[in-house]
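Working notes, structure below.
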Amino acid sequence: MEKTDGVDGGEAAASYTDNDSPYLMDENGRPVGVRETMLLQTPHSGRKFRPTHPKSSSTSRLRSRLRAILPPWKRKQTKEKSRAKKVNRNFLSRNNRRFTEGWYYRLTLPEYNESFVFIFSIEDAGRWVNRKKSPLTLACFQMLGPQDTYLVQSDDDDTKFWGWKDAQALGCTFEWKKDIVNGSGETDESVREIAAMTPEEWREDVQTGFQILPFNFQGRLNGHDGSLGGVKANQGKPGSAEYNFEVRPVAGWGNYPPLSSSSPTSYNNISAEESSREKSYFQQKSTAGWLASFPVFEPHWQITMAHARASGSLNWNGTVYEFEDAPFYGEKNWGGAFPTKWYWAQCNSFDNYPDLAFTAGGGIRQLPFSFLPGKRTETLGLIGIHYDGRFFEIVPWTGEMEWEVCWGRWEFRGRCTDEKGESQFEAEVVAVTDDDVSGVLLRAPTKDEGMQYFCRDSGFGQVVLSLWELEYDEDLGDYVRSQNKKPLIDKARSGQCTVEVGGGPWWDVWRVKSKMSATMKKIIRLPLIMRKA
């Protein structure tokens, strides 16, 4: 780690040619998709929001050229009419419901005993309220840095935000290094193509913003610490960050090739028989079950990279961090409803367990048709553990889970006892923070007020994790820990667990045994039952 006077960090950006690029390229040499079918790509990796930026089609370019030959007064009149038509079209065709999509990534640096968090979100893209643009529309970029410090930059222009539909790729440019001109030589941002760029092009053209490609992350944040109460410009003490690193996915949300193996990461270079076998065993899952494909339970939650490795550099307010094969993690949320209370914990940097990662989370979510009489919410939680190529999932539809959570202590216990599962197992996770760790307040989307302080995080949780196989005891009529086998994981430890509480109230310890209605349990387990039939 070293001090620098300015922000640098783009020199390590990848340089691709048509032959070695992992991406499909368009006629301009820009990435538009993934070249090979990714073995570990999870469901819902692509965007859910509807991009609102002008389409870079030949029709749009022709329209721009025609406007350029019109006299100035006519050009202005045509532009105003076009804007009015767009407002009416959006008002009539777009769903007016509230919608937010957010992405969370965590980089852990064990050698520095620090971690960095990257949070990207887009709210109410293209939403119109009373024939006006939603006042909650916002593209936001938050970062957590050393010692739980914080930076944020945002923009209320949703047309700057783009995303791929079929893969984990997104970006937003807050400010360009140079203006773009139209055919008449005038500055005209409407003709700029808003899409993915090569890492080199992004480094040369973007002043502030971010770009995520499936294997590359770049960003330049020139914002503030939010100490004056908001996420907009000048609402805090100025600060900056810049980063560029490559990402190698290790595990999505399901079984995966162990870190120690040389198993393929795509289907393209293996035989058809091997491909079929690999697809079946390594099939990735929806974190919240197959119903996450529909707007039934909101918000939706998908872990996209439970375990990954990152190599590159990051500059935080003038301090540069260099890293290689550092633990990396990614997830996303989307939907129109928001939890009233939740907890969350994650770690993939354990002592003596390089191929171990866990995520635990739970909260109160709204049930479908909650406007009808009866129960309107349910409280659910899960634990997901990736270890040595295997995925151990504890969810209410295949077992049971309980927790005791308050700030300072997170305890999770759960069992998978589904007879139709590959195995039965039990897990226990306990994370604590020291008394002097207060964490940092983070902003999260709220239903009526947009981005507000709504949760508390810290990257300094001390966690202990154990995992046991279960066997059926005929006398007890239940599954118990195997007496003749050692634990699969015996008290794995880390001092770099991220912990979070959100919503509220949090006046006391939250003790819950997660339960799901019998009807919903049968519906969510349907694919598993059919597969094992």
side-chain contact (heavy atoms from CB on, under 4.5 Å) between L170 and F120: does it pass, once the steps are laid out? CA-CA 9 Å; L170 57 132; F120 315 101; 4.2 Å; yes

I would like to know whether W334 and F49 meet side-chain contact (heavy atoms from CB on, under 4.5 Å); could you show each step before the answer? CA-CA 8 Å; W334 69 96; F49 77 98; over 6 Å; no

Is there a donor in the side chain of [X] and an acceptor in the side chain of [Y], or the other way round, less than 3.5 Å apart?
{"X": "W253", "Y": "Q302", "result": "no"}
{"X": "W342", "Y": "E500", "result": "yes"}
{"X": "T108", "Y": "Q496", "result": "no"}
{"X": "E114", "Y": "Q147", "result": "yes"}

Partners passing salt bridge (charged side-chain N to carboxylate O under 4.0 Å, His left out) against D155 (at least two apart in sequence or in another chain): K160

By salt bridge (charged side-chain N to carboxylate O under 4.0 Å, His left out) - contacts of D124 (at least two apart): R98, R127

Would [X] and [Y] count as a close aromatic pair, with their ring centres under 6.0 Å?
{"X": "Y105", "Y": "Y329", "result": "no"}
{"X": "F161", "Y": "F210", "result": "yes"}
{"X": "F116", "Y": "Y243", "result": "no"}
{"X": "W344", "Y": "Y104", "result": "yes"}
{"X": "W316", "Y": "Y321", "result": "no"}

Could you go through Y256 and H386, starting from their C-alpha distance and side-chain angles, then the distance that decides it, and tell me whether this counts as ring-ring contact (aromatic ring centres under 6.0 Å, His included)? CA-CA 8 Å; Y256 64 101; H386 291 79; 5.7 Å; yes

Pairing of [X] and [Y] as salt bridge, 4.0 angstrom limit:
{"X": "E242", "Y": "R220", "result": "yes"}
{"X": "R30", "Y": "E201", "result": "yes"}
{"X": "K285", "Y": "E393", "result": "yes"}

Which class fits the ring pair F245 and F328: parallel under 30°, tilted 30 to 60°, perpendicular over 60°? perpendicular

Should the pair W407 and W410 be assigned to parallel (<30°), tilted (30 to 60°) or perpendicular (>60°) ring geometry? perpendicular

For T446, which residues count as a side-chain contact (heavy atoms from CB on, under 4.5 Å) partner, sequence neighbours excluded? E449, Q452, F454

Do [X] and [Y] come close enough that some side-chain heavy atom pair is under 4.5 Å?
{"X": "L314", "Y": "T319", "value": "no"}
{"X": "Y23", "Y": "R35", "value": "no"}
{"X": "F391", "Y": "Q284", "value": "no"}
{"X": "F141", "Y": "T208", "value": "no"}

Using the side-chain hydrogen bond (donor to acceptor under 3.5 Å, both in side chains) definition, which of the options T137, D158, D157 pairs with T52? D158

